[in-house]
Amino acid sequence: MMSCQQATRLMSESRERPLQLKEKMALKTHLLICAGCRNFDTQISFLRQATRAFAKGKNDIDPTP
Amino acid sequence: MSDQQTASFASAHEALNDPAFIETLRKQMVGFASLQLNDPHLAEDAVQEALIGALKNAGAFGGKAALKTWIFAILKNKIADILRSRSRMIEASSLLREDEEDEDFAALFDAHGHWTREDQPERWDHPEGALQQQQFWRIFEACLERLPPQQARIFMMREFVELETDEICQAVGMTQNNLFVSLHRSRLRLRECLENNWFTEGAQP
């Protein structure tokens, strides 16, 4: 059974390279039973979204009351 | 200063013993080296070594007209040496820190490799909404600044500039696996930083 430490590493790597079928299946199985890792997966996607927005200058927000 | 001006000296040796000449030349060399090396201390060192080399060999140098060209050639070689040894240094130092960092991150997981209770990622409530808030961006920037410099540089190359992994590996001189490890550590750090400083701010422990 895959550990969270292994799962998080694989989730990171999936952002750089396609996962093999057996890796995908092992990860999916782990995510079924692990809320922490499900959150991690969503959150690193958000991290990428935020970083790219930051790079495009979308962090310049007008202050509104 | 052109090579024509250096021709006013009787010999290379004479030119290299003139303080005004050396100072002007040194400034030009430092400017050039700084652009290549991105590090003022390394640039100064490279220039010092190049000038020492030039002074040592001035006797052998006959062509005074090409003096500046010759000195810059010595400087270019010094810079190339530094760049070559630097990519090795980066690898070595990141390897050295690896044990340290593994310990930091090992603390996030228990003996079985599962998230510890305290460090397990929590659910973030509507994270996209944060992108509209100035204060979030301040915290985001602060979290980026907390990354170790080499990690930050690699993370930016991947996530800002959106370079492909092999492009980054070539540019930095690291293996693909080391790149994956570096990006993973950056994400672990940033995620934790954002969770602790924004998403669970004020949440009950």
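Just so you know, these numbers come straight off a predicted model, no measurement behind them. Convention: sequence-line order gives letters A, B, ...; per-chain numbering from 1.
Contact annotation for Phe160(B): both backbone and side-chain heavy atoms come within less than 4.5 Å of a heavy atom of chain A. Heavy-atom distances place no part of Arg38(A) under 4.5 Å from chain B, backbone and side chain included. Only the side chain of Glu162(B) comes within less than 4.5 Å of a heavy atom in chain A; its backbone stays farther off. Contacts between Thr42(A) and chain B at a heavy-atom distance below 4.5 Å are absent for every atom of the residue. With a threshold of 4.5 angstrom between heavy atoms, Leu144(B) approaches chain A through side-chain atoms but not through N, CA, C or O.
The two atoms that bring His114(B) and Met2(A) nearest to each other are CE1-O, 4.4 Å, heavy atoms only. In terms of heavy atoms, Arg158(B) sits closest to Arg52(A) at O-NH2, 4.4 Å. Considering all non-hydrogen atoms of both residues, Trp137(B) and Ala53(A) come closest at CH2-CB, 3.9 Å.
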| task | Show your working on side chain to side chain contact (heavy atoms under 4.5 Å, CB included) between Arg9(A) and Val181(B) and close with a plain yes or no. | result | CA-CA 8 Å; Arg9(A) 171 68 194 265; Val181(B) 169; 3.5 Å; yes
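Counting heavy-atom pairs closer than 4.5 Å to chain A, the top-ranked of the candidates Arg138(B), Gln120(B), Arg191(B) is Arg191(B). Of the listed residues Ser12(A), Cys34(A), Ser3(A), the one with more heavy-atom pairs under 4.5 angstrom with chain B than any other is Ser12(A).
To the nearest 0.5 angstrom, Trp115(B) atom CH2 is 10.0 Å from Asn39(A) atom CG. Taken to the nearest 0.5 Å, the CD atom of Gln43(A) stands 9.0 Å off from the CD atom of Glu122(B). The line from CD of Glu16(A) to CG of Asp166(B) is 12.0 Å long, rounded to the nearest 0.5 Å. Distance check: Leu188(B) CG to Gln5(A) CD gives 9.0 Å after rounding to the nearest 0.5 Å. For the atom pair CZ of Phe40(A) and CZ of Arg187(B), the computed distance is 8.0 Å after rounding to the nearest 0.5 Å. For the atom pair Glu128(B) CD and Gln49(A) CD, the distance stands at 5.0 Å (nearest 0.5 Å).
Proximity of Arg17(A) to Phe180(B): side-chain heavy atoms (C-beta onward) are separated by under 4.5 Å at one or more points. Side-chain contact between Phe54(A) and Leu131(B): absent, with no pair of heavy atoms (C-beta onward) separated by less than 4.5 Å. For the pair Glu159(B) and Arg48(A), the minimum side-chain heavy-atom distance is below 4.5 Å.
The ring pair (Phe, Tyr, Trp, His ring centres under 6.0 Å) check on Phe32(B) picks up Phe72(B), with sequence neighbours excluded.
Phe199(B) and Phe46(A) have their aromatic ring centers within a separation under 6.0 angstrom.
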